Amino acid sequence: MARADKSNWSYAALKAATERIPLHDFAVPAPELARKLLGTVLFHEQTAGMIVETEAYLGTDDLAAHSSRGITERTKVIFGPAGHAYIYLIYGIYECLNVVACDEGTPGCVLIRALEPLGGLPLMAQRRQWKGPVKGLANGPGKLTRALGITREQYGLRLDRGPLTIRQWREKPNFEIAVTPRIGISQCVDWPLRFVIAGNASVSK
DNA sequence: CAATAGATCATCT
DNA sequence: GATGATCTATTGC
């Protein structure tokens, strides 16, 4: 992971070292997409970070998933085409970013839980009012959205291109994936649907 | 260190 | 009217 170890890239160099992910590649079951998104890079507003922690949320059987209650004004995007952004407000304070999985009509999404900051670190720190170590800049779902300036204004945006995008390295990094139960839920607590890059310092606590 | 309380509001019952 | 896919500050050992 020599490439990913280099932090504070210029935004342009990071764009050049990565390539677009076809929208079609997102249309897989949520657990599979959760694995695929590890090691990819999320870009927004002159800041970027590598995804190091994800959680899969399934369809109707997964009572921890917002989509298990059916289509509502908030959850409708989860039932739409894959590769789009599901963003919601949690605890009245923080925004959480999800990537829609599965084919259109089938619910499923992946919560982005942590990033390793790569580009635009000063701006990320400023948005977060953060003076601690870089690894604490975006090591949580509410922290990463704030660090990258992501809000519900980006709800429903496609992520293969445009202002909020996820790209993959042209040279794929090599890493081990660890699987654990999901965090912060009260239903389906034991399901092994949380995926992390083993040993990465920016994984949440 | 670990445990706990508080912030704060859109969504759903 | 209750709750929540969180985070920070504070208290107490």
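Every heavy atom of this structure was used, including side-chain atoms; hydrogens, water molecules and symmetry mates were not. Here is the naming used below: chain letters follow the sequence lines, and residue numbers restart at 1 for every chain. This is a predicted model, so every value here is computed, not measured.
- Here the side chains of Arg194(A) and Ser204(A) are in contact, with some heavy-atom distance below 4.5 Å.
- Distances shorter than 4.0 Å separate some side-chain N or O of Arg128(A) from OP1 or OP2 on dT8(C).
- In this structure, Arg182(A) satisfies the cation-pi test against Tyr57(A), with its NZ or CZ atom closer than 6.0 Å to the six-membered ring centre and inside 45 degrees of the ring normal.
- In this structure, the side chain of Glu116(A) does not engage the main chain of Met50(A) through any donor-acceptor pair within 3.5 Å.
- Pairing of dT6(C), defined by two Watson-Crick or G-U wobble distances under 3.5 Å, is identified with dA7(B).
- Under the 3.5 Å distance criterion, the side-chain polar atoms of Trp130(A) are matched with a main-chain donor or acceptor of Gly132(A).
- Sorted by residue number, the members of residues 86-106 of chain A with any non-hydrogen atom under 4.0 Å from DNA chain B read Leu89(A), Tyr91(A), Gly92(A), Ile93(A).
- Within 4.0 Å of Arg152(A), counting heavy atoms only, lie sugar-phosphate atoms of the nucleic acid but no base atom.
- Looking only at distances, a side-chain donor or acceptor of Lys36(A) sits under 3.5 Å from a matching main-chain atom of Asp25(A).
- The CD atom of Glu73(A) sits 8 Å away from the P atom of dT11(B) (whole-angstrom rounding).
- Residues Lys205(A) and Glu53(A) are not paired through a salt bridge, judged by the lack of any N-O separation under 4.0 Å between the basic side chain and the carboxylate.
- Nucleotide dC12(B) holds its P atom 16 Å from the CD atom of Gln187(A), rounded to whole Å.
- Hydrophobic clustering places Leu118(A) together with Val196(A) (ILVMFWY residues linked when any side-chain heavy atoms are closer than 4.5 Å, directly or through intermediates).
- The shortest distance between the side-chain N/O atoms of Lys143(A) and the OP1/OP2 oxygens of dT8(C) is below 4.0 Å.
- For dT11(B), neither phosphate oxygen OP1 nor OP2 lies less than 4.0 angstrom from any side-chain nitrogen or oxygen of Thr72(A).
- The residue Arg182(A) sits apart from the nucleic acid: no heavy atom pair falls under 4.0 Å.
- Rounded to a whole Å, the CG atom of Leu111(A) is 13 Å from the C1' atom of dG4(C).
- Across the protein-nucleic acid pair, Ile183(A) atom CD1 and dC7(C) atom C1' stand 13 Å apart, rounded to whole Å.
- When the side chains of ILVMFWY residues are joined at heavy-atom separations under 4.5 Å, either directly or via intervening members, Ile87(A) and Leu23(A) end up in a single hydrophobic cluster.
- For His66(A), a side-chain nitrogen or oxygen approaches OP1 or OP2 of dA5(C) to under 4.0 Å.
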Between the protein and nucleotides 10-13 of chain C, which nitrogen or oxygen pairs come in under 3.5 angstrom?
none

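- In this model, the phosphate group of dT11(B) is not approached by any side-chain N or O of Arg69(A) to a distance below 4.0 Å at OP1 or OP2.
- Between the CG atom of Leu63(A) and the C1' atom of dC12(B) there is a distance of 15 Å, rounded to whole Å.
- Where Trp130(A) and Val110(A) meet DNA chain C, the nucleotide closest to each residue was compared, and Val110(A) sits on the side nearer the 5' end.
- One P atom belongs to dT3(C), the other to dA5(B), and the distance between them is 16 Å to the nearest Å.
- Between the side chain of Thr75(A) and the backbone N or O of Gly70(A), at least one donor-acceptor pair lies under 3.5 Å.
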